[in-house]
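Notes to accompany the following structure.
These values consider heavy atoms only, across backbone and side chains, with no hydrogens, waters or symmetry-generated copies.
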Amino acid sequence: MDQTGRTAIVTGAGSGLGQVVARQLAARGAHVIAAVRNPARAAEFEAWPLDLLDLDSVRAFAARVHAEGREIDVLVNNAGIGNRPRELSPQGFESTFATNFLGHFALTGLLLDRMRTDGRARIVHVGSNLYRHMKKLDLDDLAAERGFSKGRAYVGSKLATLVFGLELDRRLQAAGRPIRSLVAHPGLADTPMNANLPSRAGRAFMALAKAAIGRPAERGAIPLLYAATDPGARAGVFLGPHLRRSDDTVYADPIVAPATDPALAERLWRVAQTATGVDMRLDLQLS
């Protein structure tokens with residue numbers, strides 16, 4: 001859809017899905033701000049430094065948006081990491097959870113007052129269907145001191161992303177804010193994160209999976225672009241490809257437990273606010 005006159009912030013726009021999303025938005029007239037760790041990798045856009053692992057970097061990015069008076073039409077929370085050993089963020093949180101969820105939670109909260117109020121503003125959260133395999137989130141151990149696995153860290157961060165996307169939309173609507181929060185996934189997209197698995201067995205499994213259900217990043221980005229721009233895109237569902245079909249239709253799949261648990265959503269919200277220091281309840285003027 002025509003994006004002339006709109007401004008989009010895309011995290012992780014230096015490669016993979018984020019780069020495709022940014023290029024397609026720009027090709028249709030949007031002004032894209034690429035939020036990336038290394039601005040040199042996104043020189044085709046207006047590139048600003050952002051390291052989602054570090055909440056100080058997130059605050060600096062948001063402060064620049066405010067200082068320059070930028071208005072935002074689309075925020076695509078795309079950047080993510082996976083298959084990493086246990087490391088801690090500068091604030092002491094496990095790095096995968098910190099990057100994929102806490103950084104985006106803080107960024108979203110700090111930029112909400114810069115989103116346009118014309119009824120077309122969108123916040124898109126990039127999830128994964130793997131969330132279905134996570135039965136619970138350990139929100140008492142954000143440093144993963146009581147046990148760690150790369151897979152559990154990644155899937156947990158994506159479950160948190162999905163819960164957040166749903167809860168944010170519910171709160172936005174309750175507060176009467178003309179912004180929608182949508183969740184989308186690319187299916188099994190061929191991106192650098194999926195290509196750089198550390199073990200030979202992991203790489204072999206990924207090669208088989210890609211052969212069966214994989215799709216290039218250009219096709220994986222379609223649901224993200226649909227969520228960001230199409231007036232018919234719905235909140236409250238999981239927008240993405242059908243895992244057993246090869247077409248590019250965007251399906252609206254129902255979201256299942258535990259992502260739909262209101263108690264989990266409330267607790268995750270409180271924990272994230274405490275961890276990030278971003279009081280999004282105040283930003284949304286909810287009492």
Side-chain angles (χ1 to χ4, degrees), residues 9 11-18 34-41 48-64 75 77-111 125-128 130-131 133-165 167-168 191-199 202 258-259 264-280:
I9 294 177
T11 68
S15 65
L17 291 169
V36 291
R37 283 180 294 181
N38 181 3
R41 296 189 63 188
W48 293 11
L50 173 66
D51 185 355
L52 288 159
L53 178 66
D54 186 350
L55 293 171
D56 290 339
S57 176
V58 175
R59 290 186 179 278
F61 182 95
R64 181 175 175 182
L75 171 62
N77 289 328
N78 160 79
I81 61 173
N83 303 303
R84 301 290 185 91
R86 179 180 177 268
E87 299 171 342
L88 298 182
S89 74
Q91 289 76 32
F93 306 116
E94 189 277 315
S95 63
T96 301
F97 192 79
T99 300
N100 296 358
F101 170 63
L102 289 176
H104 280 130
F105 180 94
L107 181 68
T108 300
L110 292 168
L111 294 182
H125 314 266
V126 180
S128 167
L130 292 173
Y131 85 91
H133 301 288
M134 195 82 176
K135 300 306 180 185
K136 62 178 293 187
L137 281 173
D138 188 354
L139 297 177
D140 296 317
D141 184 22
L142 299 189
E145 293 178 332
R146 292 197 292 262
F148 173 81
S149 80
K150 297 174 184 177
R152 189 166 62 247
Y154 177 76
V155 176
S157 74
K158 288 303 181 179
L159 172 58
T161 295
L162 203 57
V163 174
F164 171 48
E167 181 67 4
L168 176 60
T191 65
M193 186 172 70
N194 288 333
N196 297 325
L197 298 179
S199 71
L264 174 60
E266 179 65 29
R267 180 135 193 273
L268 179 68
W269 196 276
R270 292 197 309 269
V271 167
Q273 287 191 144
T274 300
T276 63
V278 175
D279 188 355
M280 210 181 306

When rounded to the nearest 0.5 angstrom, what is the spacing between [atom1] in [X] and [atom2] in [Y]?
X: Arg267; Y: Glu167; atom1: CZ; atom2: CD; result: 14.5 Å
X: Leu102; Y: Phe164; atom1: CG; atom2: CZ; result: 10.5 Å
X: Glu87; Y: Phe148; atom1: CD; atom2: CZ; result: 8.5 Å
X: Leu159; Y: Lys136; atom1: CG; atom2: NZ; result: 12.0 Å
X: Leu162; Y: Phe101; atom1: CG; atom2: CZ; result: 11.5 Å
X: Leu137; Y: Tyr131; atom1: CG; atom2: OH; result: 13.0 Å

Within the structure provided, determine whether [X] and [Y] are in side-chain contact (heavy-atom separation under 4.5 Å).
X: Asn100; Y: Tyr154; answer: yes
X: Leu168; Y: His125; answer: yes
X: Lys150; Y: Thr96; answer: no
X: Leu130; Y: Lys158; answer: no
X: Asp140; Y: Arg146; answer: yes
X: Leu268; Y: Phe105; answer: no
X: Asn77; Y: Val126; answer: no
X: Leu107; Y: Leu50; answer: yes

Where the side chain of [X] meets the backbone of [Y], is there a donor-acceptor pair that is under 3.5 Å apart?
X: Arg59; Y: Leu110; answer: no
X: Gln273; Y: Met280; answer: yes
X: Arg41; Y: Val36; answer: no

Worksheet item: Side chains of His104 and Thr11: donor-acceptor distance under 3.5 Å anywhere?
Response: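 A pair is found: one side chain offers a donor N or O, the other an acceptor, under 3.5 Å apart.
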Practice prompt. Dump the intermediate steps for side chain to side chain contact (heavy atoms under 4.5 Å, CB included) on Glu94 and Arg84, then the final yes or no.
Written response: CA-CA 10 Å; Glu94 189 277 315; Arg84 301 290 185 91; 5.9 Å; no
Worksheet item: Taking everything shown except Arg37 itself, do over 12 heavy atoms lie less than 6.0 Å from its CZ?
Response: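 No - once you tally the heavy atoms of other residues, nucleotides and ligands closer than 6.0 Å, there are 12 at most.
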Item to complete: Output, in order, the C-alpha distance, side-chain angles, deciding distance and verdict of side chain to side chain contact (heavy atoms under 4.5 Å, CB included) for Leu264 and Leu139.
Response: CA-CA 10 Å; Leu264 174 60; Leu139 297 177; 4.2 Å; yes
Discussion item. For a quick test of reading the model, state the closest non-hydrogen atom pair linking Pro49 to Phe61 and the distance between them.
Written reply: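 Nearest pair, atom of Pro49 first, then Phe61: O-CD1, 3.6 Å.
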Worksheet entry | Partner residues of Gln91 under the side chain to side chain contact (heavy atoms under 4.5 Å, CB included) criterion, sequence neighbours left out |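 Only Asp54, Leu55, Asp56, Ser89, Phe93 meet the side chain to side chain contact (heavy atoms under 4.5 Å, CB included) criterion with Gln91.
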